[in-house]
Amino acid sequence: MPKKYHIDTKVTPLELEYIHKFRIERGENCINCGRCTKVCIYEVHKRGRDGDSRKMALPSTVTCRNCFRCIQECPRGALEKSLDGDFLNMGGSYWKPDMFITLWKQAEDGKVPVSGAGYRGPFTGPGFDGMWTDMSEIVRPTRDGIHGREYISTSVELGRKLNHLVFDENGKMLSEVQNTIDVPIPIVFDFPYEELGANIRAGIIKAAAKLNTFVILSPKDITPDVKGEMKNIIPLMSYKDIDANLDLIRSVRIVALEYDEEMEKTLPAIIEKIKKLGSILTMVRIPATRSVEDAVLKLAQNGAEIIHVVADYRGIEIGTVDAENPPLLSRDVIRAVHLKLVDERVRDEVSILFSGGIAMAEHVPKAMICGADLTAIDIPLLIALGTRLYEEPEKILVFAEGVESLSVGTITQRMVNLMGAWHSQLLEVMGAMGIREARRLRGETGRAIFYEEIDADTFGKLFKKSETVSL
Amino acid sequence: MKPSTVKINPMPSRFKHQVPKYKVTRSNACINCSTCAKSCPHGVHERLEGHNKVRPPIDYKCIGFDCSKNDFYCVDRCPRKALSVSLNPMYETLGDYRWTADMITATWIMAETGYPPERTDLEYDIGNSGGGFDKLRLKFPSGRPKLDKFEISTEIPLNRRNDGRVNIMISTPVYGGGMSFGSVSLPTMVSKARNAEIWNTFTCTGEGGYPEMLTPYDDHVITQVATGLFGVREETIQRVKIIEFKYAQGAKPGLGGHLLGEKNTESVARMREAVKGSPLFSPFPFHSVYSIEDHKKHIDWIKEINPKALISVKVSTPNDVDMVAVGSYYAGAHIIHIDGGYGGTGAAPDIAKKNIAMPIEYAITKVHNFLKEEGVRDEITLIASGGVRTAHDLAKAICLGADGCVIGTAEMVSLECVRCGNCESGRGCARGIASTDSVLADLFNEDWATQRLTNMYHAWNVQLVEILQRFGMRSVRELVGRTDLLEHIDYSK
Ligand code: SF4
Ligand code: SF4
Ligand code: SF4
Ligand code: SF4
């Protein structure tokens, strides 16, 4: 049994102004009777406005847990509660306001979010929301993943695996087995473009190193002070810049190259060149535009080791789309890539890293079930620092005030906490499925339930039939 | 037992008032003429003796837009056009997609009065989730119903195996879900059992042991044997008429149970034979069951200990739920209880509630059809749970193929749960329902809670009978599997 992968989480609150979901106000109707003070067990209501203990102070709206007791017990109906306007404004159609609240919490305590009462959300939704993962009731190989009584491995392998081995007539192996790299968690960090404060960048790199995963960065961000973490850094560059970065490439384990159509021909030569510098894996970063699977196939057939398919941050493919051509959702992009490679019998030879719209822990196993080997994230790590994102009118990240003075240690710990919470949630999902190794999630669509399929299969069959009968 | 003999007593809220749906606003055009205070019979507007101003309106008393047809409608009566009625933004903070604010309010009214609300401004038959039950509609025939309500039976049998074990009929095709002592307060548990007796149906202990106080209701209690085996004893198994194996729970399929340390108080720990204050985990799955054959051994073991009782098997809804159901039949179970992913819980990881296993609507169809194909459907009772919120959901579940349903959240809401989700944190439920904190658990007494549950069951029964009457059916058993009486707003024309 391999040594157990453990993420050290530690409660790390930030002294920042967060946005809260509920706003509670005391209206002019209040007669200062003090009833609300007695009934609220979360101490939202206190006496003492302007030092006058006869008057009620402003409610401490941030601690309200929405239990409605004060509302229902106030004799004057003076208390008003509403969804906070700033809360509702956050995010957009993909990044829902509730996601920020849960990610902030996970970054603070590193724990799996647990709550009482049943599920509250819509029945289904687009993309990943239209998927349920399976579980095994009786016949299953795992037990109690999260409570640690049995080892579930979340590690995945990066690199090219051979389809089959070739031997000569004397039994000597002719195939050259290439090196692969184990990543203990199927999540890498992806920050090649974002302009970040020095402390945030340093925190991201430290967090990647602590988790023993990778962070993708632009060479200009790889400054001398991070030399200690080179084995966790993946520099991203154009293949034309390889010669200008030979030393940098020699010091890393993986190098990422921007996709270029040329590569469909030149990739073998490029890989060979890089291999000459050391046992370094090459990753090609390709934007998920329409029919990206064709380009991915060509790369795979030309010896690509890792292909990073990058979709839009809202979990859709990239490129302008009109009403007639609604964008494909991440889920379907990954499935298309995976199936194409399976059909052409090269799926096992290449690792697929996917990013674009991985916003919640559940998206990691779901992306893998759809066919990714692992995922890459950026925005959630920034949200871990109290950052907000707005989708409209265009993507904008709003950092919390005071973030520039946070210590690298705090930033690192917040990100580690978030990944700790995600890791535990991944274990929950895998444990329920009875899958012991994360690499086995890949392409296991049979272990998921897709809304469109089951709905058509159940209700479509039941109710379309009755329609034709009645005709 | 006839549902019509159940005693209904109005049982008002423990709180001063409901969550207001409407907001009444008085603009500064008001001249304090008092017309509104004199005209509104509901007391929204008030002017105290000796004051020269009317008081700010009291929203929760307002009856809403429907009032516009009354001649006392303040908005029309105000000479200065200073008043307006609008939806209260607070109402948006109550409920969610599955349990809408209207549904919660309506359930509160049912628990208070024993009947569906008379108010016409509440949509409580369907929720806002955009799928499953919320997209299915009952297709009623036109014309006047010919049956008299008194001729209609809502009784169902639970033992359909004809194997010499007890024959149990329950008077309404619903029973109360497992909630363990520890996850809910003792008054909550006891009132559920008392209600089960009144309705000649069942409640379930959950996996936290069998509190002494339930002994008078033994004939209406299902005791659970769950993976943690907390508080399971031969003696409790011999006491009851139904024993349930809990393999999994819909809200956290595949994850086992988890009681936070704070909720493991002294009395809870005693019942579970555990150490106070330490978190308690129920493992997943049964560590002695790795095949249907093992499953059968389990059932045989219980059957041996109690030669009369029925066996229920509670499972969640994975892809192979149909296989598990058939397997349970062959293993000798009387009841297969399937619990869908969107059901309630005292505490579960959010990721599990949303993402693991299929919603109950699909699972019922799958299991019912598979049991039929296997030729054993008539020998086993199929009970569904996990997102059955209203009498209409119940009727739809039966049309899809269930014999009856188990409800949990609807019971909690009757006791004035608001689904705030704080049950597991700190002292537990601020409203005293899911709490073992002594002060909070004293927030209501059993008489109040029992009557609230009885009233809600009555309101559901009234609605169910009405549905059967409109379909011209004498028994709820005729409704089972009648998907032809449903339509789906996406597929049906
Ligand atoms: S209960 Fe109402 S009236 Fe009394 S102090 Fe609180 S807000 Fe004011
Ligand atoms: S709603 Fe509940 S938590 Fe919020 S202020 Fe009122 S009593 Fe306190
Ligand atoms: S009727 Fe109109 S003007 Fe008169 S007291 Fe009421 S709100 Fe004011
Ligand atoms: S804590 Fe909230 S959700 Fe839980 S039982 Fe109490 S009112 Fe209901």
Side-chain angles (χ1 to χ4, degrees), chain A residues 22 27-29 41-42 65-69 71-77 80-83 102 112-124 131-140 143-144 147 149 361-362 425 428-429 431-433 447 449 454-455 458-460 462-464 466-467, chain B residues 15-17 19 56 58-60 89-90 92-93 96-98 129-132 247-248 251 253-255 281 283-284 289 291 295 315 318-319 324 342-347 349-358 362 365 409 418-424 427 430-431 483-484 488 491-493:
Chain A
F22 302 107
E28 47 172 9
N29 230 345
I41 64 168
Y42 306 105
R65 301 286 295 270
N66 206 28
C67 80
F68 282 90
R69 274 200 68 189
I71 306 288
Q72 287 187 266
E73 301 217 37
C74 170
R76 303 298 306 176
E80 291 168 15
K81 184 147 61 71
S82 52
L83 290 173
T102 171
V112 175
V114 170
S115 63
Y119 175 60
R120 295 170 177 33
F123 188 84
T124 178
M131 272 175 89
W132 295 280
T133 56
D134 200 14
M135 54 85 66
S136 297
E137 202 85 55
I138 292 178
V139 186
R140 56 192 256 138
R143 299 176 239 163
D144 304 328
H147 307 314
R149 270 165 275 189
E362 69 219 43
Q425 290 173 80
E428 298 266 22
V429 171
M433 289 174 83
R447 298 304 312 279
I449 299 155
I454 193 168
D455 204 65
T458 316
F459 295 146
L462 275 178
F463 299 107
K464 279 242 171 72
S466 64
E467 179 191 347
Chain B
F15 306 119
K16 184 138 179 62
H17 52 85
V19 177
I58 297 179
D59 296 327
Y60 67 81
M90 181 136 65
E92 265 184 274
T93 66
D96 46 73
Y97 289 95
R98 292 200 62 78
S129 78
Y247 278 88
L255 303 182
F281 295 102
F284 187 86
V289 180
S291 65
H295 179 36
V315 296
N319 254 329
V324 173
Y342 289 161
T345 169
D350 293 338
I351 190 168
K353 293 192 220 176
K354 176 179 175 200
N355 299 294
I356 307 180
M358 66 176 77
Y362 303 129
T365 314
T409 306
V418 282
R419 279 172 63 79
C420 63
N422 302 319
C423 340
E424 95 302 348
R427 290 167 66 192
R431 300 169 71 93
T483 51
D484 58 313
H488 190 286
Y491 300 106
S492 308
K493 276 272 137 48

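Every heavy atom of this structure was used, including side-chain atoms; hydrogens, water molecules and symmetry mates were not. By convention in this document, chain letters (A, B, ...) are assigned in the order of the sequence lines, proteins followed by strands, and residues within each chain are numbered from 1.
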**Asked** Judged by atom type as modelled, is there a donor-acceptor pair below 3.5 Å linking the side chain of B:N319 to the main-chain atoms of A:D134?
**Response** no

**Prompt:** Would you call B:E92 and A:S82 a side-chain contact if the rule is heavy atoms closer than 4.5 Å?
**Reply:** no

**Asked** Which heavy-atom pair separates B:A357 from A:M135 by the least distance, and what is that distance?
**Response** CB-CG, 4.2 Å

**Distance, nearest 0.5 Å, that separates CZ of A:F68 from CE of B:M90** = 7.0 Å

**Asked** Who among A:G116, A:P113, A:C74, A:G77 has the most heavy-atom pairs with chain B under 4.5 Å?
**Response** A:G116

**Fill in**
Of all heavy-atom pairs linking A:A117 and B:C423, the shortest is N-SG, 3.8 Å

**Item:** Least distance between heavy atoms, A:F459 atom then B:T365 atom
**Value:** CE2-OG1, 4.5 Å

**Which atoms of B:T93 approach chain A - backbone, side chain, both or neither, heavy atom under 4.5 Å** = both

**Asked** Can you check whether B:V418 reaches A:N66 side chain to side chain, under 4.5 Å on heavy atoms?
**Response** no

**Message:** I'd like to verify something: which residue of B:G132, B:G130, B:G343, B:P89 has the highest number of heavy-atom pairs under 4.5 Å with chain A?
**Reply:** B:G132

**Closest non-hydrogen atom pair, A:E428 against B:P349** = OE2-CG, 3.5 Å

**Message:** Working note: A:S115 + B:D350, criterion side chain to side chain donor-acceptor pair (under 3.5 Å); need CA distance, chi angles, decisive distance, verdict.
**Reply:** CA-CA 7 Å; A:S115 63; B:D350 293 338; 2.7 Å; yes

**Prompt:** If we only count heavy atoms from C-beta on, is the A:I71 to B:F15 side-chain gap below 4.5 Å?
**Reply:** no

**Prompt:** Any side-chain heavy-atom pair from A:I449 and B:Y362 closer than 4.5 angstrom?
**Reply:** no

**Complete:** Smallest heavy-atom separation, B:T483 atom then A:F463 atom, equals O-CE2, 3.6 Å

**Message:** Tell me whether A:Y42 at atom OH has more than 12 heavy atoms from other residues, nucleotides or ligands lying less than 6.0 Å away.
**Reply:** yes

**Asked** Side chain, backbone, both or neither: which part of A:T133 has a non-hydrogen atom closer than 4.5 Å to chain B?
**Response** both

**Message:** Under the rule for side-chain hydrogen bond (donor to acceptor under 3.5 Å, both in side chains), what residues qualify as partners of B:D59, not counting sequence neighbours?
**Reply:** none

**Request:** Identify the two heavy atoms, one from A:Q72 and one from B:H17, that lie closest to each other, and give their separation to 0.1 Å.
**Result:** NE2-O, 2.9 Å

**With sequence neighbours excluded, residues passing side-chain hydrogen bond (donor to acceptor under 3.5 Å, both in side chains) with A:R76** = B:E46

**Request:** Check each atom of A:F22 against the heavy atoms of chain B and say whether the ones under 4.5 Å are side chain, backbone, both or neither.
**Result:** side chain

**Message:** Would you call the rings of B:Y342 and A:F123 parallel, tilted or perpendicular, taking 30° and 60° as the class edges?
**Reply:** perpendicular

**Message:** Determine whether a donor-acceptor pair (N or O, by modelled atom type, separation under 3.5 Å) exists between the side chain of A:R65 and the backbone of B:N422.
**Reply:** no

**Complete:** chain A shares the most heavy-atom pairs under 4.5 Å, among B:R98, B:K354, B:M358, with B:K354

**Request:** Examine distances only and state if a side-chain atom of A:R69 and a backbone atom of B:R431 form a donor-acceptor pair shorter than 3.5 Å.
**Result:** no

**Asked** Side chains of A:L462 and B:H488: does their closest heavy-atom pair fall under 4.5 Å?
**Response** no

**Asked** Between the main-chain N or O of B:A352 and the side-chain N or O of A:Y119, is there a donor-acceptor pair closer than 3.5 Å?
**Response** no

